[in-house]
Each structure stands twice: as C-alpha cells, then as structure tokens.
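So the structure is just underneath, and the comments pick up after that.
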Amino acid sequence: MNLMTPQRMRDAAALIREGRKIEIGHVLSQSMPFFGTRRFDVHLKQTFMNPQANRRGSNEELVVGEMAQIGTQFDCFPHQTIGDETYNCVNVPSIMTRGGFTEMGVDTVGMIMTRGVLIDVASLKGVQTLPDTYEITPEDLQQALARQRVELREGDAMIINTGWAHLWGRENARYVAGCPGIGVAAAEWLIQRNPLLLGADNWPVECAPSKTMPNASLPVHQIALVVNGVHLLENMKLDELVASGRSEFCFVMQPLRMQGFTGSTVAPAALF
C-alpha cells in the first residue's frame, strides 16, 4: 500500500471520463460457494413496531459467519504464513490475540484508489472460461497485454480474467474443487512490476492445484503475501467489465475496518 501515492490517486481519477461505474465484486448471499467450514448464515429480524402514531417499523439482519474470507475477498498478510512467519519475517504467535492480529490487520489498509488493469487471458484464448487446470504463463500475460494494447505500471491493481466467475452460484462444487489461474512464473513476473495488488475472478488468484509445484499448497499465496507483501483480491466478478472492452480504469475499493482481521469481504468498482 505504500505504492498508493497522491500522484497515483490523481492519475487514477484522470481515467474517469465517461462517468461510468461497473461493480466488480459479487453480491453476498447464502448461495455463494464456500470453502471448508466457512459460512454466511443470514437471519432476517423484524424487530419491532414503534408505538408512535406514524407506525414506524424496523427490520435488521443477524449474520452468523465470516466477514474476512467470504465472497469477493481481500487478503491481508497475516492470512498466510510460511511455517510460523508471516510478511517481513514476523513471528505469527507474537502478534496473535483471541480478538485478532495486533499488526497488519485489514483495518490498517484503508481505502484503495489506483489505476486498474484487466488482463483478459480467457479472451486471448478465445474462450469464455479457461480449462479447469489451466496454468497461466508469463507469455500468456504478455500476449494478452499486447492484444489489449495496454502496459502495466508500478502501483497498478493487476487483475486477471480467467472466466471462472461464470460458475459462481451455478456450479459451486466445481468452482471450489480447483481452478485456472496464474502459475508461479506468472506471479513472479507480475510481482516484478510492483503491483499494489493482484486480483482474479477465481478463488485463489493462482492455478489450483499448482502445476509448477504440485506438492505445494497454494504457493503463489506465500510468494505474494508472505515473501513480497503484495495483497490478493479473490472471487472478482469481471463479466461486465470484460464486455465493456475496457483494459484500464480507476480502481476503487474500501475494505471493512475490522480490527486485526486477516482480510475483508469487499465491493470493488471500476470507474471510467
């Protein structure tokens, strides 16, 4: 986040010319795909009718579940470790409390506004959705960027379209079983360009399971979050943005300010 300078915010704002907004996050609902024990149970509360003459009623929701790692979600550094260490070689037990992390929680991030770049690998390959196990290479990224006539810059929100979001809420079991995404080499190629964050329309940004490191569990998570301090943005909804034909835009997102959380469900938008 140290890459989000006032100048980059001004440059991002300059990309807004049409006054158009596209939501690139999914709606939170109980029909979403979930992983393991994650849950999002909603209970509507028709709470009371006030006694005054105007008969003002009140309704609320009670939510039982996670708010950090559901839906379109933004990963912070303590979400992942290598052994007992997270980003900057910080010992995880030393910053853990029952109520959250004392360092690097999502509450420290704040509102994000920068140039966003969509790298449309699915369209490059001429498909709506990449094959289930397709591992994106640096060459794929370079060819997609050349096809779209756009270049990456330091501090960008670099976002990859795999087409996997077309399964969201329709084929949830397949959605969570694995997915196409960037491989280790592609992740390293992007990180060398100093992104503010890496995002995708699948659940881990990377290809799962990894083809490059088949005996490792989500190695790009460790490479991005733990080794390089690059945030990940998962489960994006990119179909409308792809249809618009826009490759660069003003990217805006406000994580929930939850003290010490490992991440946040978010509602990012593309403005142009």
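Every heavy atom of this structure was used, including side-chain atoms; hydrogens, water molecules and symmetry mates were not.
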*When rounded to the nearest 0.5 angstrom, what is the spacing between NZ in K45 and CD in E60?*
5.0 Å

*Which atom pair, heavy atoms only, marks the closest approach of G169 to N172?*
N-OD1, 2.8 Å

*Could you tell me whether D140 and K125 have a side-chain N and a carboxylate O separated by less than 4.0 Å?*
yes

_I112 to L196 - nearest heavy-atom pair and separation_ = CG2-CD2, 3.7 Å

*Applying the side-chain contact (heavy atoms from CB on, under 4.5 Å) test to T72, which of L233, T265, D201 qualifies?*
L233

*Measure across E66 and I70 and return the closest heavy-atom pair with its distance rounded to 0.1 Å.*
O-CD1, 2.8 Å

*Should we say atom CD of Q259 is surrounded by more than 12 heavy atoms from elsewhere, each under 6.0 Å from it?*
no

_Distance alone, cut at 3.5 Å: any donor-acceptor contact between the side chains of S29 and S31?_
yes

*Determine whether more than 12 heavy atoms belonging to other residues, nucleotides or ligands lie under 6.0 Å from atom CE of M213.*
no

*Any side-chain heavy-atom pair of F251 and I24 under 4.5 Å*: yes

*In Å and rounded to the nearest 0.5 Å, what is the CZ to CD1 distance from R193 to I191?*
11.0 Å

_For A12 versus C250, what's the shortest heavy-atom pair and its separation?_
O-CB, 3.2 Å

*asked:* Test salt bridge (charged side-chain N to carboxylate O under 4.0 Å, His left out) on E151 and R153; report intermediate values, then the result.
replied: CA-CA 7 Å; E151 295 182 351; R153 301 173 191 161; over 6 Å; no

*Within one Ile-Leu-Val-Met-Phe-Trp-Tyr cluster: M236 and M253, side-chain cutoff 4.5 Å*: yes

*Least distance between heavy atoms, H26 atom then A165 atom*: NE2-CB, 4.0 Å

*asked:* Below 30° counts as parallel, above 60° as perpendicular, anything between as tilted: where do the rings of Y87 and F77 land?
replied: tilted

*Taking atom CD of Q30 as the centre, does the number of heavy atoms from other residues, nucleotides or ligands within less than 6.0 Å exceed 12?*
yes

*Within one Ile-Leu-Val-Met-Phe-Trp-Tyr cluster: I22 and L197, side-chain cutoff 4.5 Å*: yes

*Find the distance between CG (L145) and OG (S247) and round it off to the nearest 0.5 Å.*
8.5 Å

*Straight-line distance of R55 CZ to N50 CG, nearest 0.5 Å*: 10.5 Å

*Counting distance only, does the side-chain N/O of T212 pair as donor-acceptor with the main-chain N or O of G183 below 3.5 Å?*
no

_Pair V184-K211, side chain to side chain contact (heavy atoms under 4.5 Å, CB included): steps then yes or no_ = CA-CA 9 Å; V184 169; K211 286 189 172 181; over 6 Å; no

*Side-chain heavy-atom pair E234, H221 within 4.5 angstrom cut-off*: yes

*Please assess K237 against E23 for the test salt bridge (charged side-chain N to carboxylate O under 4.0 Å, His left out), listing each intermediate value before the final yes or no.*
CA-CA 8 Å; K237 182 182 182 298; E23 303 286 350; over 6 Å; no

_If I take atom NE2 from residue H79 and atom SG from residue C76, how far apart are they, to the nearest 0.5 angstrom?_
9.5 Å

*Are L256 and V63 linked, directly or through other ILVMFWY residues, by side chains that come within less than 4.5 angstrom of each other?*
yes

*asked:* So R10 and P6, do their side chains get closer than 4.5 Å, heavy atoms only?
replied: yes

With a 3.5 Å cut-off and sequence neighbours excluded, list the donor-acceptor pairs that the side chains of residues 174-182 form with protein atoms.
{"residue": "R174", "atom": "NE", "partner": "D132", "partner atom": "OD2", "Å": "3.1"}
{"residue": "R174", "atom": "NH1", "partner": "E171", "partner atom": "OE1", "Å": "3.4"}
{"residue": "R174", "atom": "NH2", "partner": "D132", "partner atom": "OD1", "Å": "2.7"}
{"residue": "Y175", "atom": "OH", "partner": "N235", "partner atom": "OD1", "Å": "2.6"}

*In Å, rounded to the nearest 0.5 Å, how long is the span from CG of D11 to CE of M9?*
11.0 Å

_Full working for side chain to side chain contact (heavy atoms under 4.5 Å, CB included) between M158 and L141_ = CA-CA 11 Å; M158 302 177 186; L141 299 175; over 6 Å; no

*asked:* For V121, run the side-chain contact (heavy atoms from CB on, under 4.5 Å) check against T137, N161, I136, V127 and tell me which one passes.
replied: I136

*Under 4.5 Å between side-chain heavy atoms, hopping through other hydrophobics if needed: is there a path connecting L198 to F74?*
no

*Look only at the side chain of R115 and the backbone of L15, and say whether a donor-acceptor pair between them is shorter than 3.5 Å.*
no

_Whether the side chain of T86 engages the backbone of Q80 through a donor-acceptor N/O pair (distance < 3.5 Å, no angle test) should be reported._
yes

*Let me see the working for L190 and V230 under side chain to side chain contact (heavy atoms under 4.5 Å, CB included), right down to the final yes or no.*
CA-CA 10 Å; L190 290 168; V230 175; over 6 Å; no

*asked:* List the residues meeting side-chain contact (heavy atoms from CB on, under 4.5 Å) with R98, not counting sequence neighbours, and say none if there are none.
replied: none

*Report whether L238 and I119 are members of the same hydrophobic cluster (ILVMFWY, side-chain heavy atoms less than 4.5 Å apart, transitive linking).*
no

*Among W168, W164, F35, ring-ring contact (aromatic ring centres under 6.0 Å, His included) partner for W203*: F35

*Minimum-distance pair of heavy atoms, taken over all atoms of M113 and A13*: CE-CB, 3.6 Å

*asked:* I'd like to know if the side chain of N228 reaches the main chain of I223, judged simply by a donor and an acceptor atom lying under 3.5 Å from each other, with no hydrogens or angles considered.
replied: yes

*asked:* Does any part of the side chain of T262, heavy atoms only, come nearer than 4.5 Å to the side chain of D75, both counted from C-beta?
replied: no

*Give a yes or no answer on whether the side chain of T97 reaches the backbone of G99 with a donor-acceptor pair at less than 3.5 Å.*
yes

*Given V227 and I82, is the side chain to side chain contact (heavy atoms under 4.5 Å, CB included) satisfied, shown in steps?*
CA-CA 9 Å; V227 177; I82 297 177; 4.0 Å; yes

*Crowded around R38 CZ? As in, over 12 foreign heavy atoms under 6.0 Å?*
yes

Please tabulate, for the side chains in residues 101-108, all donor-acceptor contacts under 3.5 angstrom to protein atoms that are two or more places apart in sequence or on a different chain.
{"residue": "T102", "atom": "OG1", "partner": "I95", "partner atom": "O", "Å": "3.4"}
{"residue": "D107", "atom": "OD1", "partner": "G260", "partner atom": "N", "Å": "2.8"}
{"residue": "T108", "atom": "OG1", "partner": "G105", "partner atom": "O", "Å": "2.7"}

*Do side-chain atoms of Q148 reach the backbone of L118 as a donor and acceptor pair under 3.5 angstrom?*
yes

